[in-house]
Amino acid sequence: MVAPVGGPRGTELGARQLAGVFVRLKLSLLRNGLRQSSARTAVFVISLIFALLIAAGQLLGLVLLRGNDQAMTVAVLLTALLALGWAVLPLFFPSGDETLDPTRLVMLPLRPRPLVFALLTASLAGIGPLFSLCLVLGAALALSHGAFAAVISVVAVPLTLLVCVALARTVAAGNVRLLTSRKGRDLAVLSGLVIAVGIQVVNFGAQQLSRSGGMSALEPVAEVLRWLPPAAAIGAIDSAADGSYAVALVQLALTALALQALLWSWARSLTALMTTPDGSTLAASSAPTRERSSTGMHRLLPEGRTGAVMQRSLRYVWRDPKTKAAWVSGLAIGLLVPVFNVLQGVGSIYFACFAAGMLGVQMYNQFGQDTSAFWMVSLTISTTRDAYEELRARALALLVITLPYTVLVTVIVAAVLGDWKTLPSALGLSLAILGAMLATGALASARFPYSIPQDSAYKNAAPGQGAIAWLSILGGMLVATLLCAPVIAATIWLHLTDGHDQLWLLLPGGAAYGMLIGWAGVRLAAPWTVRRLPEILTAVSKG
């Protein structure tokens, strides 16, 4: 692309020429991508319209804050959140921008510093930078009062945008090996969970702010963030408006130093990527071989088929992206929902039962989680005893995680409420629900199996099997609720009759009932599995 040129002036000209090439390259990638299908073009146009509408609304809202006492707090916090988004999003959406992977340029005769300048310039073309520019511009307009503040704004706005973009590029370059590996795909699968949890946290924070006097509660946080780049550049505008000229220059200088540090780190990462061979290209013989042994928790598992199936199921949880995403979602939401409801004053200790229900769902469609590899499992199932041992081992593998987790969530909710007297009854009810979910999950796995596509992070059922998936889960949860009716009725009766001293009996009673129901469900599902083995194999291999 660019021939090596000696001297500072030649390097500068080469960087500018390279930047122009990269901008045209990115626009060409965008244009060619939109030409692939009309649906992709429509999605891009709709995304652009929504981004512009939201950006215009934020710009207008920030301008209306001009002169408000909380304008600095809002502007600084929004800028800090914007920078955090630029730092985190490349880790969860590595395929959103093909130019994020600099390893594609390894074979080209490019120097790191001109390449950094070119990639930084090309990164400014897109919906994200335009949205960020509107937000930063609105923050500057909300705080700019006076001639000196206006001059600071002219420098602070582009400087803030450059720091955000450079931060995203530095993070992407430093983690490019991760983003192009299996673990990187795991992050992409888990991105939906992060967004969902983030929305819950923001919602909870907004409710807490409304109760504690509004944005004034965040003023101490804003006072700290206004000294951290790139929010320091926005803080410099406010300092200049207040007449603290020296402070404004220091804050602006901190942001400029942060930009220089990011560019330096980015250049170092590019140099390492272009001069260090990828581990996948090294000869396999150069790696020392070692014999793997069963270590850690695997040594605690029983021998025989039960231990082998439990180990396989637990490895799916750790290694398979879809299974890992489902488990992490269940673990996170199972804790957040009861704790947040209790903190908001609208929940009781029995909200902890939600955790058992969320994790019990993992028992559903056990054979579909194996995908096309289930045919190897099916070769080992020829009798009802084989099917029983297979399902029992899968249920035990789930209990390795769900049982201590259910106890932990119940104890946390009890600690938040200070309601230790009701803890045994809530835990007993949770264990009964968990056993009922394991029972109905085993039955649903044999009666309503479906395939889980592996080519998409957002599809949990193959085309045409969505109704089966919903029937399996919703129907199973309804039956599980009916199975727990005796324990639920006993809990309600003890509360209505003031039998609080006998609530502790629900702990051993609920645990025994859940164990009995779980065992009965696995027993009943075993002959179904043997009789329907061909249908199960066909259903889970459909996708």
Side-chain angles (χ1 to χ4, degrees), residues 20 22-66 71 74-75 77-101 119-143 153 156-169 171-172 187-203 206 230 234 456-459:
F22 270 72
V23 171
R24 292 193 297 272
L25 175 62
K26 184 167 185 177
L27 294 178
S28 298
L29 288 172
L30 177 62
R31 182 176 61 254
N32 294 336
L34 296 178
R35 288 177 177 176
Q36 292 181 2
S37 65
S38 57
R40 188 167 182 174
T41 304
V43 170
F44 177 81
V45 173
I46 293 174
S47 302
L48 179 61
I49 293 174
F50 271 99
L52 291 177
L53 289 176
I54 296 175
Q58 289 184 336
L59 176 61
L60 179 60
L62 288 169
V63 171
L64 292 177
L65 279 176
R66 184 179 176 88
V74 175
L77 289 177
L78 283 179
T79 306
L81 288 176
L82 178 68
L84 180 62
W86 275 95
V88 172
L89 288 181
L91 294 177
F92 294 107
F93 299 97
S95 59
D97 186 354
E98 297 180 4
T99 62
L100 279 174
D101 186 4
L119 288 173
L120 183 63
T121 304
S123 301
L124 298 176
I127 299 178
L130 179 60
F131 177 86
S132 302
L133 178 61
C134 292
L135 192 148
V136 176
L137 182 60
L141 292 175
L143 301 178
S153 300
V157 170
L159 187 60
T160 302
L161 182 61
L162 288 175
V163 169
C164 290
V165 176
L167 180 60
R169 288 293 182 169
V171 172
L187 287 174
V189 172
L190 296 176
S191 59
L193 168 66
V194 175
I195 295 174
V197 172
I199 292 175
Q200 292 294 329
V201 172
V202 170
N203 181 37
I234 301 301
S456 173
Y458 307 102
K459 292 181 180 179

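For the single chain, residues carry numbers from 1 onward in sequence order.
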| Which atom names give the shortest non-hydrogen contact between Ala71 and Leu143, and what distance separates them? | C-CD2, 3.7 Å

| With Thr160, the side-chain contact (heavy atoms from CB on, under 4.5 Å) member among Val136, Val165, Leu82, Leu133 | Val136

| Minimum heavy-atom distance Ala166-Leu120, with the two atoms named | N-CD1, 4.1 Å

| Atom of Leu59, atom of Cys134 and distance for their closest heavy-atom approach | CD1-O, 3.6 Å

| message | Using the rule side-chain contact (heavy atoms from CB on, under 4.5 Å), only one of Val63, Leu135, Leu137, Leu53 pairs with Gln58; which is it? | response | Leu135

| field | Over all atoms of both residues, closest heavy-atom pair of Ser153 and Pro158 | value | O-CD, 4.3 Å

| task | Supply the atom-to-atom distance Cys164 SG to Leu84 CG, rounded to the nearest 0.5 angstrom. | result | 10.5 Å

| message | So which atom in Leu62 and which in Gly138 form the shortest heavy-atom distance, rounded to 0.1 Å? | response | CB-O, 3.4 Å

| Once you round to the nearest 0.5 Å, how far does CG of Leu65 lie from CG of Leu60? | 10.0 Å

| Phe22 side chain near Thr121 side chain, heavy-atom distance below 4.5 Å | no

| Between Trp86 and Pro129, is any pair of side-chain heavy atoms under 4.5 Å apart? | yes

| If you take all heavy atoms of Leu141 and Arg66, which pair is closest and at what distance? | O-NH1, 2.6 Å

